[in-house]
Amino acid sequence: MFCDRLKEGVLVSSEAPIADTPKGKIAGLKKGDTYIFRGIKYANTRRFHMPEPIDSWEGVKSAVTYGYVCPELTTPIPDDAQVDPHYYMPQDEDCQYLNIWTQSLEPEAKKPVMVWMHGGGWFGGSSVEQYAYDGEELSKFGDVVVSFNHRLNCLSGLDLSEYGEEYRQSSCCGFADILLLLRWVKENIGAFGGDAQNVMVFGQSGGVSKILCAMQCPEADGLFQKAAIDSGGIKEQEIPCGWTKRRLAQRLTALVVEELRLNQETIHEIEKVPYWDLAAAALNAQDRLNRETGLTGSYRWEPVEDGSFLIGNTLHDGFRPETKQIPMMIGNVFGEGRSNLFERNQFAEQNENPDLQSNPNRISESDARTGQKRVYLHKNQWSEAQTLRHCRERWGERADEILQEFRRVYPENNPADVLFMDAWERNGQLGLVEKRITIGADVWNWLFKKESAIGGGTVAWHCSELPYVFHNTSYIEAAFEPGVSEQLEEIICSAWVNMARHGDPNGGNVPQWDKVSTEDTPTMIFDRNCGQRVNHDQRLRELLRD
């Protein structure tokens, strides 16, 4: 772990544990019973070209420090940095590095393997960006954990296909890195005690999109056997009327090339342009593309489907029948981006409100954009009248019915929480569930709903489940609640590890959890008290969708 109090010496240097892979030997470190390998190179790359396997080597390679992460177009301070601590590593295009945590280096151990796909979409993030991503504790609980970095943003998805055959698949470079990583795992993970025939990919947010792409890629067939996804994969590139995804990608590329003062004859120089000049050109080109086409959001840098390497889009075309045998866990968290964690979701009160003036817990702050004072009470301090007023401001005449249904569905919650519930993401995840059911696949649905005590009570936000999945709540201030978080992470982590081992989240301390069927949608509620509820929120989601 990044910040971990050591209780015994760590073996490094001449005493380092050695993994004997088919390409050569790798020296990591041993911390207690856990073998840790950081910064293993898994691919060689050339800008805008498909990755290539690494060569064999003589001697022993050291793997004790993390490798480079992919350069980002911008590196903003995350909205949730105060509750999901972030860690930023040196950036370089040469970023194809992986990390492994394992309890054995014996090939015959045949332990299940969990391969983590980090969030951040196709434009940012890394395998070590969040403290919660650290795999040491999860490995102690579930054996072999792998995380990795790959190309992102314009390095990953710039579509140069109009500039020559050698760039035909340039929009899939980042995804091709992922594909090669999965091949590396298949060929090498036995040296780390893993079973190459029992691999589960798991990911959150942007990592889900990467997993869904892998399920649409015939070349990925057989490289993983199970999948678990959190809160992602339902957003897609906005396509203006009269455009296609391919044409939009090619137009953006043309604008990048123009920004760099290149042309068809000089296009190879784009491989040597300093990254930050390339990034500036990409950002300027995005702004020009938005003005030219009417796009309202950022370009997503997703791979462009070509019908052979990448077949169709899950949201429009469903899952390939060839993925039917892959069991999946699909779910999300209660609040996502609507959580009262985020300032934009606070409900300002009028200064003349007598309830506010007499309440010692009122909060006053200046709006960063207008400079005006925003005064509000925390949602857990609202009176029933205040809750009803805020609901009526949002939903008008439907507020009473929505509140009544929310109380029925979640009687354990503060009724005010309905204002911070994200039904959009849950509807999207259930859409993916339905697509799995359509092809006859096994799928389990879940919802993480535990409120954090931080800030006076904060409904689950995007990423808040990750410390529980990685068994890291005791390292994350916003997640740790003595006597509660430890028990909940045991259940959640057990479910993910059970899935990796057996293709079914049930077992041990996990409450009975039924698969989704064509008739019913059981949802495992991860909260202070865990248990499944069947078709529990259908009417509520319908009311919130109107």
Side-chain angles (χ1 to χ4, degrees), residues 141-142 202 204 226 228-231 327-336 339 404-418 420-423 425-427 429-430 432-434 436-437 442-453 457-461 464-471 473 479-542 544:
F141 198 86
F202 69 123
Q204 184 263 356
K226 297 124 182 181
I229 63 176
D230 309 14
S231 305
M328 291 185 71
M329 292 166 54
I330 298 177
N332 70 295
V333 305
F334 179 86
E336 300 287 359
S339 170
Q404 181 180 355
E405 184 63 12
F406 183 81
R407 288 188 177 100
R408 185 191 70 79
V409 174
Y410 298 120
E412 69 278 14
N413 276 65
N414 178 349
D417 292 346
V418 69
F420 308 102
M421 172 183 169
D422 190 326
E425 182 71 45
R426 177 153 168 77
N427 285 332
Q429 297 306 308
L430 289 174
L432 293 175
V433 167
E434 183 178 349
R436 296 303 290 165
I437 293 297
D442 290 343
V443 59
W444 288 262
N445 180 242
W446 57 270
L447 180 69
F448 179 83
K449 198 172 70 65
K450 181 189 176 297
E451 176 162 302
S452 169
T458 303
V459 302
W461 60 88
S464 60
E465 84 284 12
L466 295 180
Y468 294 84
V469 173
F470 279 87
H471 210 270
T473 61
F480 186 64
E481 186 176 345
V484 178
S485 56
E486 303 102 321
Q487 294 179 10
L488 180 55
E489 79 175 350
E490 289 286 309
I491 293 173
I492 292 177
C493 201
S494 291
W496 263 250
V497 170
N498 289 342
M499 189 70 177
R501 288 176 177 165
H502 312 299
D504 185 326
N506 286 282
N509 57 354
V510 179
Q512 177 60 38
W513 187 0
D514 297 325
K515 293 183 290 188
V516 178
S517 68
T518 54
E519 294 81 23
D520 293 315
T521 301
T523 297
M524 178 58 67
I525 305 295
F526 292 120
D527 204 340
R528 292 173 179 273
N529 296 304
C530 298
Q532 75 173 6
R533 303 179 190 179
V534 181
N535 305 328
H536 74 293
D537 63 348
Q538 182 175 342
R539 176 57 181 158
L540 177 60
R541 289 184 290 107
E542 290 173 354
L544 293 174

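Since the model is a prediction, treat every value here as computed from it, not as a measurement.
Side-chain contact between T523 and R426 is present, with heavy atoms from C-beta onward closer than 4.5 Å. Using a 4.5 Å cut-off on side-chain heavy atoms (C-beta onward), K449 and E412 make contact. Using a 4.5 Å heavy-atom cutoff, the side chains of I525 and C530 are not in contact. Counting only heavy atoms from C-beta outward, the side chains of E451 and N414 never approach each other to under 4.5 Å. Considering only heavy atoms from C-beta on, M524 stays 4.5 Å or farther from M329 through its side chain. In this structure the side chain of L544 never reaches within 4.5 angstrom of the side chain of F406, judged on heavy atoms. Residues H471 and E490 meet the side-chain proximity criterion, which asks for heavy atoms closer than 4.5 Å. D230 has its side chain within reach of W446: a pair of non-hydrogen atoms, C-beta onward, lies under 4.5 Å apart.
Between S494 and N509, the side chains place a donor N or O and an acceptor N or O closer than 3.5 Å (distance only, hydrogens not considered).
Across all non-hydrogen atoms, the minimal contact from P511 to I491 is CD-CG2, 3.9 Å. The two atoms that bring P505 and N498 nearest to each other are O-ND2, 3.0 Å, heavy atoms only. Heavy atoms only, all atoms of each residue included: G503 and P327 are closest at O-CB, 3.7 Å. Closest heavy-atom contact between A479 and S485: O-CB, 3.4 Å. Considering all non-hydrogen atoms of both residues, C493 and V469 come closest at SG-O, 3.5 Å. Between V333 and L447, the shortest heavy-atom contact is C-CD1, 3.8 Å.
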So E542 and E405, side chain to side chain contact (heavy atoms under 4.5 Å, CB included) or not? Walk me through it. CA-CA 11 Å; E542 290 173 354; E405 184 63 12; over 6 Å; no

Which is it for L430 and R541 under the side chain to side chain contact (heavy atoms under 4.5 Å, CB included) test, yes or no, and what are the steps along the way? CA-CA 11 Å; L430 289 174; R541 289 184 290 107; 3.3 Å; yes

Full working for side chain to side chain contact (heavy atoms under 4.5 Å, CB included) between N413 and V459: CA-CA 10 Å; N413 276 65; V459 302; 5.5 Å; no

What do the steps show when you test Q429 against N445 for side chain to side chain donor-acceptor pair (under 3.5 Å), and what is the final call? CA-CA 9 Å; Q429 297 306 308; N445 180 242; over 6 Å; no

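N535 places a side-chain N or O within 3.5 Å of a backbone atom of T521 that can act as its donor or acceptor partner. A distance-only check finds no donor-acceptor pair linking the side chain of N506 to the backbone of Q512 [under 3.5 Å]. Using a distance-only test at 3.5 Å, with no hydrogens or angles considered, no donor-acceptor pair links the side chain of N332 to the main chain of S231. Side-chain atoms of T473 never come within 3.5 Å of backbone atoms of F480 as a donor-acceptor pair (strictly under, hydrogens ignored).
Separation of atoms CD (E336) and CZ (F420) is listed at 15.5 Å; rounding is to 0.5 Å. Atoms CG and CG, from D520 and D514 in turn, are 9.0 Å apart once rounded to the nearest 0.5 Å. Atom CZ of residue F202 and atom CZ of residue F470 lie 4.0 Å apart, to the nearest 0.5 angstrom. Interatomic distance, D417 CG to R407 CZ, rounded to the nearest 0.5 Å: 11.5 Å. To the nearest 0.5 Å, the span separating CG on L488 from CG on N529 amounts to 10.0 Å. Rounding to the nearest 0.5 Å gives a distance of 8.0 Å between CD1 of I492 and CD of E465.
Residue Q404 qualifies as open at atom CD: its count of foreign heavy atoms under 6.0 Å is 12 or below. More than 12 heavy atoms of other residues, nucleotides or ligands sit less than 6.0 Å from atom CD of E486.
Taking the six-membered ring where the residue is Trp, the centroids of Y468 and F448 are separated by under 6.0 Å.
Aromatic ring pairs are classed by plane angle as parallel below 30°, tilted from 30° to 60° and perpendicular above 60°; the pair Y410 and F334 is perpendicular.
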